[in-house]
Participant: 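Dumping the structure here so I can ask a few things about it.
Labels below follow one simple rule: chain letters A, B, ... track the order of the sequence lines, proteins then strands, and each chain is numbered from 1.
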Protein chains: 2
Amino acid sequence: MGRPSSHADVFAAIAEPRRRSIIELLGREGEQPVGALVVALDLPQPVVSKHLAVLREVGIVAVTRRGRERVYRLSPRQLKAVHDWVSTFEKHWTHQLGRIKRRAESLGKE
Amino acid sequence: MGRPSSHADVFAAIAEPRRRSIIELLGREGEQPVGALVVALDLPQPVVSKHLAVLREVGIVAVTRRGRERVYRLSPRQLKAVHDWVSTFEKHWTHQLGRIKRRAESLGKE
DNA sequence: TTGACATATGCAAGTAACGGAATATGATTG
DNA sequence: CAATCATATTCCGTTACTTGCATATGTCAA
């Protein structure tokens, strides 16, 4: 069976490599019209528009119409949601680092 | 066309809601044998095993065999990778918060 | 060794999501 | 209004992911 209808799921949205590229680009360069994204990513315009639609529906990006262009920008709230979720497990890797460090120290004493 | 063969992609791995449930459970309760996960999540055992396989291939979980059980635990390195990626955009929501805050303050003065 | 238990794996079927090409929508210019 | 530019949307073929069921693998106990 296909996906269990992951409609408007942020995690599904950022699962696509090209969508992450779009996010990274908007993050680095700031707001961009679709045409600029098409050029920068070297993808067909409909492909970019469709990925933008997904990101828009999920709320990762927001649009403003400027003349005949549509300028996209990051809308970070949803990315923060992902950040918050992953942060839940932060203690796991900090603890693990601590363990590795302690082990290294005890090995050094031998 | 289907997915561009996102083999062993952490983002694809955490896109699945049930897999996130497994991650959350292991995060809260610590290491668990498959059977415990099956009970806790109320899913068929093969489904759980397959999701665990995906998480294992990506390196989000690790296994230890204990008798006839297999005990799974979080292996946080890959989750940290996600955390690092999302953290790249942290400034965007902190800036946005700042903007909202400033706007609230200036509205309060009127 | 035989049987029971714990988990993994194989196969088939359904479906959702992606890309490509064509087209629609909407705004600007002449 | 017609033509052009910028972007969105639709239709379609393909593919990969998930599930269900059946079965294989491996471990312990008697």
Side-chain angles (χ1 to χ4, degrees), chain A residues 1-23 25-26 29 31-73 75, chain B residues 1-23 25-26 29 31-73 75:
Chain A
M1 284 187 201
R3 288 268 177 75
S5 185
S6 55
H7 233 46
D9 183 342
V10 201
F11 291 92
I14 65 173
E16 239 295 326
R18 289 164 231 268
R19 283 199 288 263
R20 286 203 300 279
S21 299
I22 293 177
I23 294 170
L25 210 121
L26 293 176
E29 315 267 344
E31 54 174 34
Q32 300 281 335
V34 178
L37 297 172
V38 169
V39 171
L41 300 171
D42 191 34
L43 291 173
Q45 174 265 316
V47 170
V48 174
S49 280
K50 281 178 214 168
H51 283 311
L52 285 170
V54 174
L55 294 173
R56 207 187 331 123
E57 280 158 23
V58 170
I60 293 183
V61 301
V63 215
T64 313
R65 303 163 84 129
R66 201 157 62 198
R68 33 186 163 185
E69 293 184 337
R70 306 210 182 177
V71 183
Y72 281 83
R73 64 184 178 284
S75 170
Chain B
M1 281 185 200
R3 288 270 177 73
S5 185
S6 54
H7 231 48
D9 182 343
V10 201
F11 291 91
I14 64 172
E16 238 296 324
R18 289 165 229 271
R19 284 199 287 264
R20 286 203 299 280
S21 299
I22 293 178
I23 294 170
L25 209 122
L26 292 177
E29 315 268 344
E31 56 174 34
Q32 300 282 335
V34 179
L37 297 172
V38 168
V39 172
L41 301 170
D42 191 33
L43 292 172
Q45 173 266 315
V47 169
V48 174
S49 280
K50 281 174 204 171
H51 283 311
L52 285 170
V54 174
L55 294 173
R56 209 188 327 127
E57 281 158 22
V58 168
I60 293 183
V61 301
V63 215
T64 312
R65 303 163 83 127
R66 200 158 63 197
R68 33 187 163 181
E69 293 184 336
R70 308 211 180 176
V71 183
Y72 281 82
R73 64 183 178 283
S75 171

Participant: Check every strand shown and say whether B:Pro33 touches a base, only sugar-phosphate, or nothing at a heavy-atom separation below 4.0 Å.
Facilitator: sugar-phosphate

Participant: Starting at NE2 of B:His51 and ending at C1' of D:dA16, how long is that distance when rounded to a whole Å?
Facilitator: 14 Å

Participant: Of the options D:dT19, C:dG20, D:dT7, whose atoms approach the side-chain atoms of B:Val47 most closely?
Facilitator: D:dT19

Participant: Do A:Leu52 and A:Leu37 have side chains that approach each other closer than 4.5 Å (heavy atoms only, starting at C-beta)?
Facilitator: yes

Participant: Please name the pair of heavy atoms, one in A:Leu43 and one in A:Val38, separated by the smallest distance, quoted to 0.1 Å.
Facilitator: O-CG1, 3.2 Å

Participant: Let me see the working for A:Arg66 and A:Glu31 under salt bridge (Lys or Arg N to Asp or Glu O under 4.0 Å), right down to the final yes or no.
Facilitator: CA-CA 12 Å; A:Arg66 201 157 62 198; A:Glu31 54 174 34; 3.5 Å; yes

Participant: For residues 59-72 of chain B, which residues have at least one heavy atom under 4.0 Å from DNA chain D?
Facilitator: B:Arg65, B:Gly67, B:Arg68

Participant: Give the nucleotide from the list C:dT7, D:dG20, D:dA22 with an atom nearest to the side chain of B:Pro44.
Facilitator: D:dG20

Participant: May I have the distance from B:Asp9 (atom CG) to D:dA16 (atom P), rounded to whole angstrom?
Facilitator: 15 Å

Participant: Based on Watson-Crick and G-U pairs with both distances under 3.5 Å, what dot-bracket line describes DNA chain C 5' to 3', crossing pairs as [ ] and inter-strand pairs as |?
Facilitator: ||||||||||||||||||||||||||||||

Participant: Between the base of C:dA17 and the side chain of A:Glu16, is there a donor-acceptor distance below 3.5 Å?
Facilitator: no

Participant: What's the closest nucleotide to the side chain of B:Arg18 if the choices are D:dA8, D:dT19, C:dT9?
Facilitator: D:dT19

Participant: Picking from C:dG10, C:dA8, D:dA8, which would you name as closest to the side chain of B:Arg56?
Facilitator: C:dA8

Participant: Looking at B:Gln45 and C:dA6, is any side-chain donor or acceptor paired with a base atom of the opposite kind under 3.5 Å?
Facilitator: no

Participant: Classify the side chain of A:Lys50 and the base of D:dT10 as holding, or not holding, a donor-acceptor pair under 3.5 Å.
Facilitator: yes

Participant: Considering heavy-atom distances to DNA chain C, does B:Val38 or A:Val54 have its closest nucleotide positioned more toward the 5' end?
Facilitator: B:Val38

